[in-house]
Amino acid sequence: MNDTEARPRKRVALFLAADATPVGPDTMVAAEPGEAAKAGIAQLAEMGVGRGTGERSVLLFKEPGEQGFSLIQLWFKSGYILPPHSHDSDCLYYVIGGELRFGTQLLRKGDGMHIPAHCGYSYEAGPEGVELLEFRNATRFGITLQGTAANWERIATVFRERAALWENETVPPSERPRT
């Protein structure tokens with residue numbers, strides 16, 4: 001038997017944005033965070049900050065089964081700081097609107113980044129927010145929150161200062177009219 005015969009035959013698969021579902025535990029599994037991350041998460045919870053505050057992530061496509069590709073659309077509102085974390089699978093990001101700061105680099109529409117599995121990272125959304133497509137070579141993947149107490153304090157400060165602004169940010173960058 002050769003490689004072609006051993007693998008099941010794949011078919012064309014279409015997906016509609018209208019059918020997207022929120023990313024949940026069936027797609028992203030959280031590992032036990034470190035102590036600083038636990039304290040940071042607790043601090044955000046005390047502030048009433050939960051999943052979806054300042055961000056939206058929807059699963060656009062996932063191949064059936066445990067193996068295959070997945071595609072997630074992410075929107076982080078203005079100034080949002082993505083908590084330091086890593087995943088257990090490679091990820092390719094493509095900016096479709098707004099901008100983000102990754103270390104000293106500013107990424108805008110059409111730019112992107114590849115994050116290898118188990119590589120810790122964080123970034124900050126620009127003044128108009130950022131919208132990305134996240135391509136994965138996995139249909140289910142793990143996330144491990146990381147960071148220092150100072151990282152989490154900065155995140156909490158931004159959430160406190162921007163919560164009211166984020167409520168009024170209702171249109172992602174890719175859907176806004178050009179000025």
Ring centroid separation for Y80 and F159, is it under 6.0 angstrom?
yes
Is E55 close to W75 at the side-chain level, that is, under 4.5 Å between some pair of heavy atoms?
no
A117 to D90 - nearest heavy-atom pair and separation
N-OD1, 2.8 Å
Reference residue E124; test salt bridge (charged side-chain N to carboxylate O under 4.0 Å, His left out); the match among K77, R101, R154
R154
Just so I know, are the side chains of L132 and L100 near enough to count as touching, which here means a heavy-atom distance under 4.5 Å?
yes
Side-chain heavy atoms of F102 within contact of D111, under 4.5 Å:
no
Could you measure the distance from the OG atom of S174 to the CD atom of Q73? Nearest 0.5 Å is fine.
6.0 Å
Spacing of OG1 belonging to T139 relative to NZ belonging to K62, to within rounding of 0.5 Å
5.5 Å
Side-chain donor/acceptor of S122 to backbone N/O of L82, under 3.5 Å
yes
If you take all heavy atoms of P83 and I155, which pair is closest and at what distance?
CA-CD1, 3.6 Å
Under the 3.5 angstrom rule, does the side chain of R162 hit a backbone N or O of G54 as a donor-acceptor pair?
no
Is any side-chain heavy atom of I41 less than 4.5 Å from a side-chain heavy atom of P33?
yes
If you group Ile, Leu, Val, Met, Phe, Trp and Tyr by side-chain heavy-atom gaps below 4.5 Å, do Y121 and I72 land in one group?
yes
Closest heavy-atom pair and its distance - R136, C91
NH1-CB, 3.5 Å
Heavy-atom closest pair (S57 atom, L74 atom, distance to 0.1 Å) is CB-CD2, 3.4 Å
Which distance, rounded to the nearest 0.5 Å, do you find between the CD of Q43 and the OG1 of T157?
7.5 Å
Which atom pair, heavy atoms only, marks the closest approach of E99 to V130?
O-CB, 3.2 Å
First locate atom CG of L133, then atom CZ of F61, and finally report the distance between them rounded to the nearest 0.5 Å.
13.5 Å
Within-4.5 Å side-chain heavy-atom neighbours: V29 and R140:
yes
Would F69 and I96 show up in the same hydrophobic cluster when neighbours are defined by side-chain heavy atoms closer than 4.5 Å?
no
Taking I143 as the starting point, is it possible to reach F135 by hopping between hydrophobic residues whose side chains are less than 4.5 Å apart?
no
More than 12 heavy atoms of other residues, nucleotides or ligands under 6.0 Å from CD of Q105: yes or no?
no
Does L92 reach the side chain of Y94, with side-chain heavy atoms less than 4.5 Å apart?
no
For Y93 and Y123, what are the C-alpha separation, side-chain angles and deciding distance, and is it a side chain to side chain donor-acceptor pair (under 3.5 Å)?
CA-CA 12 Å; Y93 290 99; Y123 53 81; 4.9 Å; no
Identify whether the distance between the nearest side-chain nitrogen and carboxylate oxygen of R160 and E153 falls below 4.0 Å.
yes
Inter-residue atom distance L145.CG - E32.CD, 0.5 Å rounding
10.5 Å
At their closest point, which heavy atom of V58 faces which heavy atom of V23, and how far apart are they?
C-CG2, 3.9 Å
Same apolar cluster (I L V M F W Y, side chains within < 4.5 Å links), L71/F76
no
Does L165 share a hydrophobic cluster with V158, counting links as ILVMFWY side-chain heavy atoms below 4.5 Å and allowing steps through other members?
no
Is the side chain of E169 donor-acceptor paired with the backbone N or O of S78 at a distance under 3.5 Å, no angle test?
yes
Heavy-atom check, side chain of K38 versus side chain of W152, under 4.5 Å:
no
Tell me whether E131 is salt-bridged to K109, with the criterion being a basic N under 4.0 Å from an acidic carboxylate O.
no
